[in-house]
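Everything below concerns the one structure shown next.
We're numbering straight along the sequence, starting at 1. Atoms within each ligand, like the ligands themselves, are counted from 1 in listed order.
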Amino acid sequence: MNQEIPYKIYLEESEMPKQWYNVRADMKNKPAPLLNPATLKPMTPEELGQVFCAELVKQELDNDTAYIDIPEEIRSFYKMYRPSPLVRAYCLEEKLQTPAKIYYKFEGNNTSGSHKLNSAIAQAYYAKKQGLKGVTTETGAGQWGTALSMACAYLGLDCQVYMVKCSYEQKPFRREVMRTYGAAVTPSPSDTTQIGRKILEEFPGTSGSLGCAISEAVERATSLEGYRYVLGSVLNQVLLHQTVIGLETKTALDKYGIVPDMIIGCAGGGSNLGGLISPFMGEKLRGERDYQIIAVEPASCPSFTRGRFAYDFCDTGKVTPLQKMYTLGNGFIPSASHAGGLRYHGMSGILSQLYHDGLMEARSVGQTEVFAAAQEFARVEGILPAPESAHAIKVALDEAKKCKETGEEKTIVFGLTGTGYFDMVAYQRFNDGQMEDYIPTDAELEAGFATMPEIEA
Ligand SMILES: *Cc1c(COP(=O)(O)O)cnc(C)c1O
């Protein structure tokens, strides 16, 4: 097809997905079941239903239904900020003088500044439909808490967010966005839960961690009548909701007959990457087409590239079920990286299985080179990327530069998950030449692995 490709490929409302795509249906090797840590038996729907909404439990456990209807109410909410543009990075290509064709799917065009809203609205919707009063969650960097606050405000649900204490203090603007949407934001650890009080007693000056905030949010949800706990990444249900990203991308590419050679995305818990690649991975799994798929993670928290594929807890407080995944160990504490959304010890069970089966690759990159790529991108494409998203940019730039050397006209698609306007302290560090890279030693990784439960897989 020789049609001129526009800078931004938008879809009509009528072309937006009406169903999410569940890639597990096409996987020969399904992700391993979540286990109850007490019995080591697969978690039952009843057990999961004490913590999560009933409909979300169904989605979590569904390995067989390929397409799941997106309820009308969620589709109309999506229309408020979707479809998101698929941008042809003509300006970047020109700057790089590369024969590669570069596209990015931009998810930063909503108030949460990230793709997180795609799942937040779905999770809040099912909570509301179940007649619940509210939901609890944790937030680290703040994007997830912001997205959930907005979704809850829209539906009239109470929203209680445990925000890692150091972020609560260092990111007052994120906190105020959440409060503007009506969420109650508590710095974690706090005295509002037993586990929080226990941690405060043991470590009086602690600045908190994501693992600890998860434990508090779960305790809070299970001790309040009419509340459930929600999570912004890692789980199968979250990855399912995020497939709107990939489905829109595929429809937009198909409109112009474009077939990507490689698809690149950053991976924290794996939800945006999983959502972006799902429809493409489906084709790959069914033997219809082949794509090179690359997950990019920080060298400071290298779950895929240096982790182990084993059962582990999803949180540091060991209150969650066990999931088989690439993990650095629930007790692994990554160094203070500026890409807060990628500082997670584990990984989506779906992506872990796909990676284990050789269906995708992973690369780890240092944060200084990531910020250099962010700057290079911002100066020609205008968008100031989130540090998390800039991991994908870094590898997309590397690949485009390789094409310049080899003369290959590869088509590269990457996920630009969000904007970085709340991350200006990190940019300041970089601009001042004060950013440092930290790569954990083998001994530090061993210490993390030692915190994992010993389970025969
Ligand atoms: C949370 C977040 C990520 C990482 O989460 P995934 O579940 O791996 O997608 C990436 N980018 C942004 C902007 C985020 O907010």
**Study point:** All side-chain hydrogen bond (donor to acceptor under 3.5 Å, both in side chains) counterparts of S149, not counting sequence neighbours
**Key:** none
Check your understanding: Under 4.0 Å between a Lys/Arg side-chain N and an Asp/Glu carboxylate O for D62 and K58?
Key -> no
Exercise for review: Flag L342 as yes when one of its N or O atoms lies below 3.5 Å from any N or O atom of ligand 1, and as no otherwise.
Suggested key: no
Study note, to complete from the structure: Ranked by distance from atom 4 (C) of ligand 1, the top protein heavy atom is G341 O, 3.4 Å
Review point. Below 6.0 angstrom between ring centroids: does that apply to H356 and F309?
Key: yes
**Study point:** Atom indices of ligand 1, in the order listed, that fall short of 4.0 Å to a heavy atom of S233
**Key:** 6 (P), 7 (O)
Review point. What class does the angle between the rings of Y427 and F371 fall in, given that below 30° is parallel, 30 to 60° is tilted and above 60° is perpendicular?
Key: perpendicular
Revision key, fill the gap. Near H115 (heavy-atom distance under 4.0 Å), the atoms of ligand 1 are 2 (C), 3 (C), 9 (O), 10 (C), 11 (N), 12 (C), 14 (C)
Review point. Are the side chain of N236 and the backbone of L240 linked by a donor-acceptor contact shorter than 3.5 Å?
Key: no
Practice item. Have a look at V238, T417, T419 and point out the one with the heavy atom closest to atom 11 (N) of ligand 1. Key: T417
Check your understanding: If you count the atoms of ligand 1 from 1 in the order shown, which ones are under 4.0 Å from a heavy atom of S271?
Key -> 6 (P), 7 (O), 8 (O), 9 (O)
Point to revise | Residue F173 excluded, over 12 heavy atoms near CZ under 6.0 Å | key: no
Exercise for review: May I ask you to identify, for A267, whether its side chain, its backbone, both or neither come under 4.0 Å of ligand 1 on a heavy-atom basis?
Suggested key: backbone
**Study point:** Cation-pi geometry met for R308 and F449 (6.0 Å, 45°)
**Key:** yes
Revision key, fill the gap. Under 4.0 Å from one or more heavy atoms of S114, ligand 1 contributes atoms 13 (C), 15 (O)
Practice item. Decide whether an N or O pair under 3.5 Å exists between G270 and ligand 1. Key: yes
Check your understanding: Would you say ligand 1 has an N or O under 3.5 Å from any N or O of G268?
Key -> yes
Check your understanding: How close does the nearest protein non-hydrogen atom get to atom 9 (O) of ligand 1, and which residue and atom is it?
Key -> N272 ND2, 2.7 Å
Check your understanding: Taking NZ, NE, NH1 and NH2 as the nitrogens, is one of them in E93 or K95 under 4.0 Å from a carboxylate oxygen of the other?
Key -> no
**Study point:** Per-atom contacts of ligand 1 with C266, taking only distances under 4.0 Å to non-hydrogen atoms
**Key:** 10 (C)
Check your understanding: Among K116, M347, E388, which residue places a heavy atom closest to atom 5 (O) of ligand 1?
Key -> K116
Point to revise | F52 six-ring centre to R228 NZ/CZ under 6.0 Å and within 45° of normal | key: no
Review point. So which bit of Q242 gets within less than 4.0 Å of ligand 1, heavy atoms only: side chain, backbone, both or neither?
Key: neither
